[in-house]
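Remarks on the structure that follows.
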There are 2 protein chains.
Amino acid sequence: MHSQKDVTIYDIAEKLNLSPTTVSRGLKDHPAISKKTKKRINDIAAELGYRFNTFASNLRSKRTNTIGVIIPRMNSSFMSAVLAGMEKVANEASYNLIISQSLESAEKEAVNVKTMFNNRVDGLMVSVAYDTVGVSQFEMLLEKGIPLLFFDRTLDHPQCTSIVIDNYKSGYLATQHLIAQGCKNIIHITGNLARNVYADRQRGYESALKDAGIQTDPNNTFINVLDEQAGIDCAQKILKMNPLPDGVFVDNDTCAVNCMAILMNNGIKIPEDIAFIGFNNDPISRVIRPALSTINYPGFEMGEIAAHKLIAHLNGQQSINSTNSIILRSELIARDSSKRIK
Amino acid sequence: MHSQKDVTIYDIAEKLNLSPTTVSRGLKDHPAISKKTKKRINDIAAELGYRFNTFASNLRSKRTNTIGVIIPRMNSSFMSAVLAGMEKVANEASYNLIISQSLESAEKEAVNVKTMFNNRVDGLMVSVAYDTVGVSQFEMLLEKGIPLLFFDRTLDHPQCTSIVIDNYKSGYLATQHLIAQGCKNIIHITGNLARNVYADRQRGYESALKDAGIQTDPNNTFINVLDEQAGIDCAQKILKMNPLPDGVFVDNDTCAVNCMAILMNNGIKIPEDIAFIGFNNDPISRVIRPALSTINYPGFEMGEIAAHKLIAHLNGQQSINSTNSIILRSELIARDSSKRIK
DNA sequence: CTGTTAGCGCTTTCAT
DNA sequence: ATGAAAGCGCTAACAG
């Protein structure tokens with residue numbers, strides 16, 4: 001079923017009466033090799049159908065020029081933006097990216113870490129799964145000195161840099177905005193409070209209520225996985241409330257629009273009856289009617305900065321550790337779903 | 001900056017007075033090794049912080065258990081579903097997947113193919129970029145006997161299997177549905193007609209019109225990249241038409257909803273003035289109002305089947321070639337955006 | 001059930 | 001500007 005024998009640099013060397021060393025250098029565009037020799041090498045390589053053997057190279061050189069990325073899911077425009085930012089920076093520095101998904105499972109995440117570890121990634125960037133607990137699954141990397149960086153959904157570790165937005169402030173601003181529109185009974189739909197992003201937004205939500213003299217109510221915080229079904233479920237839950245809330249802050253745009261759709265199907269007017277604000281500035285927030293107010297999340301920039309930090313570390317220019325963490329700016333985008341005051 | 005020396009199977013062997021072979025087998029859960037020895041090996045491995053060296057293994061064994069996937073973009077729910085289906089099947093057969101994006105660029109796609117090639121993927125599954133021309137960039141794989149399979153956006157090659165939906169029929173059904181709703185002046189917003197998916201849908205569109213005795217008009221086919229901006233641009237173009245069309249068939253839901261949003265902003269009523277039907281059954285089609293009629297695309301199933309076919313080939317059970325191509329069923333989902341007849 | 005030997009294809013080191 | 005020698009860590013082939 002399979003291939004004939006592979007062409008190696010020895011085959012090329014033999015054909016040209018050169019050493020394998022010279023061929024290796026020639027193929028890598030090493031400065032010490034003459035232009036002419038390089039051309040001969042490359043011509044023969046093409047003619048013989050030579051292909052570079054990454055495994056032999058990595059085995060010998062003990063480096064892979066590969067950076068691992070583990071994310072919960074590939075499906076949001078936010079994540080696409082992050083990955084695009086990472087890929088841009090990595091490519092410019094001639095690193096490859098290998099990306100894997102935990103599918104929000106801590107277990108799969110641990111397997112992915114191990115695979116990345118065995119694949120000798122030079123460094124790893126992670127946004128942790130919904131239910132990840134502790135950092136022990138990452139210790140093997142740190143013991144070997146492999147730099148580990150968290151972005152968006154982070155874990156605390158003195159040896160790790162984190163790149164986040166100011167989730168506390170974002171939560172505060174979102175809630176404050178609803179209050180400014182006259183909302184007094186505001187629900188927060190959020191995720192696992194063990195995750196920094198949700199915990200910080202919840203704190204921001206609570207602070208904003210407190211600063212406005214509004215009592216916080218634990219029943220007004222809904223915790224779920226923030227997907228489409230969760231949005232639908234929350235809508236059902238809201239419809240049963242008495243009195244109805246007058247404002248809803250959802251930590252994810254996709255979840256928010258699904259929730260809105262069900263409420264509107266049930267005769268609720270948005271923003272008149274219930275004002276909405278989401279999170280992420282997903283493209284969906286712009287096409288839905290009423291357009292969804294949201295918090296802009298600079299994903300591309302986050303990806304760029306994360307990759308940049310990691311590569312700076314690999315080049316010995318800067319260290320990965322918790323003192324180098326970065327908080328990016330996010331901002332509120334007010335659209336029709338929250339505008340009750342004209 | 002980096003790590004101490006790596007622990008190898010030799011280190012483990014020495015500690016236990018075993019041969020490296022036995023250790024290698026023990027770590028792999030080889031049946032010929034006693035339970036007891038296996039346990040000793042694994043315990044010491046854990047204690048020493050041993051990590052398996054994929055490169056050495058791949059170099060020696062000349063197989064990687066890795067399947068490459070190249071897709072245009074990671075950002076649609078359709079693609080997520082395809083990848084999830086592939087990953088499920090691949091994992092069950094203990095293959096790893098490496099995924100890369102062409103970002104719709106034929107050039108980047110060719111680079112990705114080369115990288116996959118150098119990484120010795122056992123097989124490759126590709127949905128080609130928007131502007132890919134010819135199959136020459138894939139010839140190196142075929143020459144080495146590396147199986148190549150196309151899905152969704154395919155190329156014709158006798159040695160390659162393709163997994164597609166019936167795009168002709170889908171285009172026909174979508175158009176026929178609009179006609180059945182009373183539309184007589186129907187626009188088709190589609191992509192590069194060099195791509196099978198768009199060419200086939202366009203043929204279906206034309207056949208449906210013809211069968212209904214409606215004259216086809218080249219000006220009624222809009223060709224673009226089908227992203228959000230394209231949807232907006234198409235809306236502007238439609239607004240300038242006189243008379244306005246009464247039906248629009250868009251080959252992508254995301255593009256469709258953006259187009260609808262602009263039209264509605266300009267006072268057009270959907271479906272009363274213009275009926276809409278999209279393609280893919282993206283989640284967005286369900287939350288938008290009016291809900292978007294669309295064509296369901298069985299992405300997960302497509303991913304499963306593609307991976308299954310490729311792995312069957314690698315196991316010598318079945319061959320990858322054009323005679324084994326598969327056409328999956330897709331179906332029309334009628335929602336409010338096209339329902340003019342009650 | 002366990003061991004010996006050799007070599008996968010490359011790059012590093014040291015030489016010239 | 002080029003080369004010789006060695007070895008990265010594993011597993012296949014053969015042996016017992």
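Lettering follows sequence order; numbering is per chain, from 1.
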Q: For the pair A:Thr66 (side chain) and A:Thr64 (backbone), establish whether a donor and an acceptor sit closer than 3.5 Å, ignoring hydrogens and angles.
A: yes

note: B:Ile9, atom CD1; C:dT2, atom P; distance rounded to Å ~ 15 Å

Carboxylate-amine/guanidinium contact A:Asp6 B:Arg120, below 4.0 Å: yes

* With a 4.0 Å cut-off on heavy atoms, is A:Lys35 in touch with a base, just the backbone sugar-phosphate, or nothing at all? -> nothing

To the nearest angstrom, the CG-P distance between B:Asn119 and C:dC10 comes to 14 Å

5'-most contact on DNA chain C (nearest-nucleotide basis), A:Pro20 vs B:Ala32, goes to B:Ala32

Verify the distance criterion only: is there a donor paired with an acceptor across the side chains of B:Glu109 and B:Thr132 at less than 3.5 Å? yes

Separation of C:dC10 atom C1' from A:Asn58 atom CG, nearest Å, is 10 Å

Heavy-atom nearest nucleotide on DNA chain D taken for B:Ser57 and for A:Thr37; more 5' hit belongs to A:Thr37

At a cut-off of 3.5 Å, list every protein nitrogen or oxygen paired with a nitrogen or oxygen from nucleotides 12-16 of chain C, distance to 0.1 Å.
residue	atom	partner	partner atom	Å
C:dT12	O4'	A:Arg60	NH2	3.0

Comparing nearest nucleotides in DNA chain D, the 5'-proximal residue of the pair A:Arg120, A:Ser34 is A:Ser34

| If you look at every strand shown and take non-hydrogen atoms under 4.0 Å, does B:Phe52 touch a base, only sugar-phosphate, or nothing? | sugar-phosphate

Apply salt bridge (charged side-chain N to carboxylate O under 4.0 Å, His left out) to residues A:Arg153 and A:Glu104 and explain how you reach the verdict. CA-CA 11 Å; A:Arg153 309 217 293 219; A:Glu104 300 285 14; 2.3 Å; yes

Does B:Asn17 reach a base, just sugar-phosphate, or nothing at all? Heavy atoms under 4.0 Å. sugar-phosphate

note: B:Asp6, atom CG; D:dG7, atom P; distance rounded to Å ~ 18 Å

Phosphate-side-chain proximity, B:Tyr50 and D:dC10, N/O vs OP1/OP2 below 4.0 Å: yes

Quiz prompt | Residue pair A:Asn321 / A:Thr323, side-chain donor-acceptor N/O under 3.5 Å | solution = yes

Taking the six-membered ring for Trp and the single ring otherwise, decide whether the centroids of A:Phe138 and A:Phe150 are under 6.0 Å apart.
yes

A:His30 NE2 to D:dA1 P, in whole Å, measures 9 Å

Distance col, row B:Gln159:CD vs B:Leu142:CG, nearest 0.5 angstrom, shows 5.0 Å

| said: Regarding B:Lys39 and B:Asp43, does a basic nitrogen lie under 4.0 Å from an acidic carboxylate oxygen? | reply: yes

Atom CG of A:Asn65 and atom P of C:dC10 are separated, to the nearest Å, by 17 Å

ask   = Below 4.0 angstrom from OP1 or OP2 of D:dT11, is there any side-chain N or O of B:Lys28?
value = yes

Atom CG of B:Leu59 and atom C1' of C:dC8 are separated, to the nearest Å, by 4 Å

Rounding to the nearest 10°, end axes of the helix from C:dC1-D:dG16 to C:dT16-D:dA1 built from five pairs each make an angle of 20°

- Query: Are B:Thr54 and A:Asn118 close enough that a side-chain donor and a side-chain acceptor fall under 3.5 Å?
  - Reply: no

Side-chain contact check for B:Ser19: nearest option of D:dC10, C:dG9, C:dG3 is C:dG3

List, one per line, each side-chain donor-acceptor pair under 3.5 Å for residues 77-94 of chain A, sequence neighbours excluded.
residue	atom	partner	partner atom	Å
A:Ser80	OG	A:Ser76	O	3.3
A:Glu87	OE2	B:Lys108	NZ	3.0
A:Lys88	NZ	A:Glu304	OE2	2.7

note: A:Lys38, atom NZ; D:dA1, atom C1'; distance rounded to Å ~ 11 Å

